[in-house]
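Here the structure comes first, spelled out in structure tokens, and everything after it is commentary.
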Amino acid sequence: MDFEISTEEFQQFRTLIYEESGISLNDQKQGLVASRLSKRLRELGLSTFSDYYEQLTRDPSQEEFTRMLDLISTNKTDFFREPKHFDFLREEILPQLREEKRIRIWSSACSTGEEPYTIAMTLYDGLSDPAQWDCKILASDLSTRVLAKAAAGVYDAERVQGVPLETVRRHFLRGRGASEHQLKVKPHLSAMIQFRRLNLMDEQFPIKSPLDLIFCRNVMIYFDRPTQERLVNKFYRYLKPGGCLFIGHSESLQWVEHSFTSLAPTIYQKKA
Ligand SMILES: C[S@@+](CC[C@H](N)C(=O)[O-])C[C@H]1O[C@@H](n2cnc3c(N)ncnc32)[C@H](O)[C@@H]1O
């Protein structure tokens, strides 16, 4: 049974979630908030949303806030999700960097890691001499829970069902005994990736050298237009001239003011 959430309580949660994560919940989401958070209230022995709000806002570590956000937001992701972006990386981007042999990529809402590992597989398989290249992928998310899973790099075998068997063999180790249904990402992929908790709402990011690519897929859909606009313009600053931003296939920058050139649907380039 769900606990009752008053409109006032819903407004408190809505404001907190928006201010801390940029996620914008409309009036229709009142029931969703109640149903997704009721179990957590019960676990904590609380009986009102006001008590839970008190607890959340009193916790300086933000641990409970992260937990709450995990319940509200979706972490859905997949290996090779929206594969055109990885084809573009292999066919268009890598040939341009063949001389330099250096690439810097940010997977900025990486969830449980399938996106950055897919990028790493694409680099490894798309380069004839991967050992000669300097490839670095920053993979970040707001949620420490998904980041811990991403950094562990261990997945149930069914998560790679759509990936060609040869690719799986090249990049994953199969568990033994009780873990035989699990796969672990091989070190040649993990070595390219640094995982870090970053909030896309931050004014600045700890990124020193300009980036070739930013992946920001399937998160902006939860942000309102002003938030999307601020974020896209921040991304612009962190890209090299000629660098690209990839957004999710159901997202668009059509209503957002920005300085990117549209290269293909959902692929945007900073002017060279
Ligand atoms: C649906 S997943 C997208 C995963 C991956 N990019 C993909 O397309 O498959 C959205 C992720 O955005 C993260 N997220 C939500 N708000 C965020 C914020 N303000 N800063 C960073 N990450 C955020 C969530 O924790 C979640 O893991």
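Indexing begins at 1, ligand by ligand and atom by atom, following the structure's order. Note: hydrogens, waters and symmetry copies are ignored here, and every other heavy atom, side chains too, is used.
The shortest N/O to N/O separation between N218 and ligand 1 falls below 3.5 Å. Residue Y222 has no N or O atom closer than 3.5 Å to an N or O atom of ligand 1. Residue D78 has no N or O atom closer than 3.5 Å to an N or O atom of ligand 1. Taking distance alone, with nitrogen or oxygen atoms compared against 3.5 Å, G22 stays at or beyond that limit from ligand 1. Taking distance alone, with nitrogen or oxygen atoms compared against 3.5 Å, S21 approaches ligand 1 more closely than that limit. On a distance-only criterion, T77 and ligand 1 share at least one N/O pair closer than 3.5 Å. In terms of polar-atom proximity, defined here as any N/O pair under 3.5 Å, N75 does make such a contact with ligand 1.
In the vicinity of T74, heavy-atom distances shorter than 4.0 Å reach the ligand 1 atoms 1 (C), 2 (S), 10 (C), 26 (C). Close contacts of ligand 1 with E115, meaning ligand atoms under 4.0 Å from a residue heavy atom, involve 5 (C), 6 (N), 7 (C), 8 (O). For ligand 1 and S111, the ligand atoms under 4.0 Å from any heavy atom of the residue are 4 (C), 27 (O). Atoms of ligand 1 found under 4.0 Å from any heavy atom of R217, numbered from 1 in the order shown, are 3 (C), 5 (C), 6 (N), 7 (C), 8 (O). Each of the atoms 1 (C), 2 (S), 3 (C), 4 (C), 9 (O) of ligand 1 lies under 4.0 Å from some heavy atom of K76. Each of the following atoms of ligand 1 lies closer than 4.0 Å to a heavy atom of L200: 18 (C), 19 (N), 20 (N), 21 (C).
Cation-pi geometry between K186 and Y117 is not met at under 6.0 angstrom from the ring centre and within 45 degrees of the axis.
Considering CZ of F65 and CD1 of I72, their distance stands at 9.5 Å, rounded to 0.5 Å.
Ring geometry for H188 against H171 counts as tilted: the plane angle lies between 30° and 60°, on a 0 to 90° scale.
When the options V219, L142, D141, D202 are ranked by their closest heavy atom to atom 25 (O) of ligand 1, first place goes to D141.
A distance-only check finds no donor-acceptor pair linking the side chain of Q269 to the backbone of T261 [under 3.5 Å]. Although no hydrogens or angles enter the test, the distance criterion places a donor-acceptor pair under 3.5 Å between the side chain of N26 and the main chain of Q28.
A donor-acceptor contact under 3.5 angstrom links the side chains of E114 and T112, judged on distance only. Of the N and O atoms on the side chains of Y52 and E9, not one donor lies less than 3.5 Å from an acceptor on the other residue.
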Item to check | Derivation of the ring pair (Phe, Tyr, Trp, His ring centres under 6.0 Å) call for F79 and Y155 | outcome: CA-CA 11 Å; F79 288 104; Y155 298 92; 5.0 Å; yes
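By the criterion of a heavy-atom distance under 4.0 Å, the backbone of L198, and not its side chain, is placed next to ligand 1. Residue R81 touches ligand 1 through its side chain alone, judged by heavy-atom distances below 4.0 Å.
Side-chain contact between L71 and K39: absent, with no pair of heavy atoms (C-beta onward) separated by less than 4.5 Å. Taking 4.5 Å as the limit, some side-chain heavy atom of F80 sits within range of a side-chain heavy atom of T122.
Shortest contact from atom 5 (C) of ligand 1 to any protein heavy atom: A109 O, 3.4 Å.
Counted within 6.0 Å of NZ on K101, heavy atoms from surrounding residues, nucleotides or ligands total more than 12; the atom is thus considered enclosed.
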